[in-house]
S.K.: 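Can you keep this structure in mind? I'll have questions shortly.
When a ligand or atom number is given, it counts from 1 through the structure's own listing order. Since we're looking at a predicted model, the values are computed, not measured.
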Amino acid sequence: MSQTSFNKRLFKFLKHSPTPFHASDTIAGRLQQNGFRLLSENEQWPEKMHGGYCCIRDDGSLLAWKTSDSNSPDTPWRMTVAHTDSPALQIKPLPETRTAAYTSLGVEVYGGPLLSTWFDRDLGIAGRVSLLTEKDTLCIRLLDFKRNLVTIPSLAIHLNRKANDGLKIDKQKQLLPILCQMDKELSFHDIIRRQLQKQYPDLAVKKILGFDLFCYDTQPPAFVGLNKEFITGSRLDNLVSCFVGMEALVQKNISGNCLLLCSNHEEIGSASVAGAHGNFLRSALQRIQPKLFREGPSLGASLLISMDNAHALHPNHAEKHDPGHTPLLNHGPVIKHNANQRYATTCRSTALYKIIAEEAGIFPQEFVMRSDMPCGSTIGPIGATDLGIQTIDVGVPSLAMHSIRETTGTKDPFLLFKTIARFYRRNSLPLVIQ
Ligand SMILES: [Zn+2]
């Protein structure tokens with residue numbers, strides 16, 4: 001696959017994945033097209049597993065794996081993890097808010113977005129809805145209005161002369177997206193119901209019971225720069241990594257035990273039914289290899305690559321980086337280090353990763369936070385802690401992380417893909433260092 005066709009597919013994936021639920025659904029679709037079987041946690045799983053499988057929990061987290069024919073607890077695992085969620089504005093359960101002749105929607109802040117970037121954007125609404133049908137069946141349906149539906153206008157500078165001196169945003173009062181201008185009362189549930197009818201003409205909805213709906217930027221991803229050297233788009237953190245993992249796993253020529261976890265709720269701490277602090281991965285592994293945690297030496301000989309975007313040096317804020325660790329866009333994936341294990345990278349996992357990357361012709365960049373600034377974290381340390389598996393934190397270099405529109409290098413997603421593709425293919429790699 002060339003970088004051009006890879007990026008074309010990446011853009012399509014980003015467009016089809018406005019929420020974690022859509023991302024999981026899109027990934028499951030791609031996996032199934034490539035022979036993976038979708039399993040439900042509520043059914044018996046095959047006793048002998050050969051080939052590819054995937055499973056979705058709570059609509060927003062997806063686990064996919066390929067097992068070797070022997071599938072013995074001695075076979076090492078090559079695992080990657082990423083997250084499906086991104087900071088956003090989530091619609092409140094009873095959101096209708098009327099001021100003068102405007103109807104706005106109450107929102108909660110999900111995760112840690114750069115809030116100022118959400119103003120003056122054309123926003124869509126998407127997510128999932130739980131409902132009761134006329135036949136009294138309970139079901140969940142994905143919803144996406146796929147159009148510009150709301151906007152949060154800034155206050156004109158003439159009405160706030162201090163707006164450029166550091167804007168403080170009142171999350172309760174100033175973040176409400178405006179939906180429409182009309183005199184009569186309107187029900188958000190009715191709007192959802194109409195959209196469901198449009199998307200699912202055969203679905204007879206008796207009652208809407210709940211929803212997780214988010215505002216999202218409708219502007220598609222784009223190439224920017226004199227030589228188109230940058231990619232800008234929404235939710236690059238961390239859908240780029242989900243896409244990389246998915247594309248690497250559907251390669252034809254991989255064998256051994258390979259796994260990809262795309263987890264929801266990373267941006268809010270991972271403690272949830274579907275989050276990485278939950279038991280999704282562990283309980284699935286127990287079902288895939290019942291002896292794994294009792295007598296399998298395989299986890300000790302395995303490697304987990306945690307993929308999440310890294311901070312590239314920002315030319316306007318170079319002082320924010322440690323001078324010796326300044327990742328650049330288009331120079332490929334970054335290994336993230338932290339002495340306090342906020343990143344799970346160790347000396348051992350670094351060695352293993354570097355061997356794999358260099359076999360793919362890629363020389364990793366290295367990142368460590370300035371010593372006088374706190375460090376973020378990822379799913380990496382959670383996986384390392386729970387499974388006792390060597391783990392490394394890596395990611396594509398990016399700018400404006402948690403903005404509604406982030407930036408990465410045009411080459412970087414493909415370079416990460418080449419590394420992960422090599423990792424999944426390289427089943428004879430010694431994953432233990434003597
Ligand atoms: Zn992230």
S.K.: Any side-chain heavy atom of P76 sitting closer than 4.5 Å to one from S302?
M.R.: yes

S.K.: How is the N/O/S atom of D308 that comes nearest to the Zn ion (ligand 1) named?
M.R.: OD1

S.K.: Please walk me through it: do H83 and N264 pass side chain to side chain donor-acceptor pair (under 3.5 Å)?
M.R.: CA-CA 6 Å; H83 63 89; N264 196 3; over 6 Å; no

S.K.: Suppose we only allow N, O or S atoms; which atom of D237 ends up nearest to the Zn ion (ligand 1)?
M.R.: OD1

S.K.: Of all the N, O or S atoms in H83, which has the shortest distance to the Zn ion (ligand 1)?
M.R.: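 Atom name of the closest N, O or S in H83: NE2.
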
S.K.: Do E406 and S234 meet the criterion of a side-chain donor-acceptor pair at a distance under 3.5 Å?
M.R.: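 Their side chains do not contain a donor-acceptor pair, so the 3.5 Å distance test is not met.
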
S.K.: Are side-chain N/O atoms of Q199 and R141 paired as donor and acceptor at under 3.5 Å?
M.R.: no

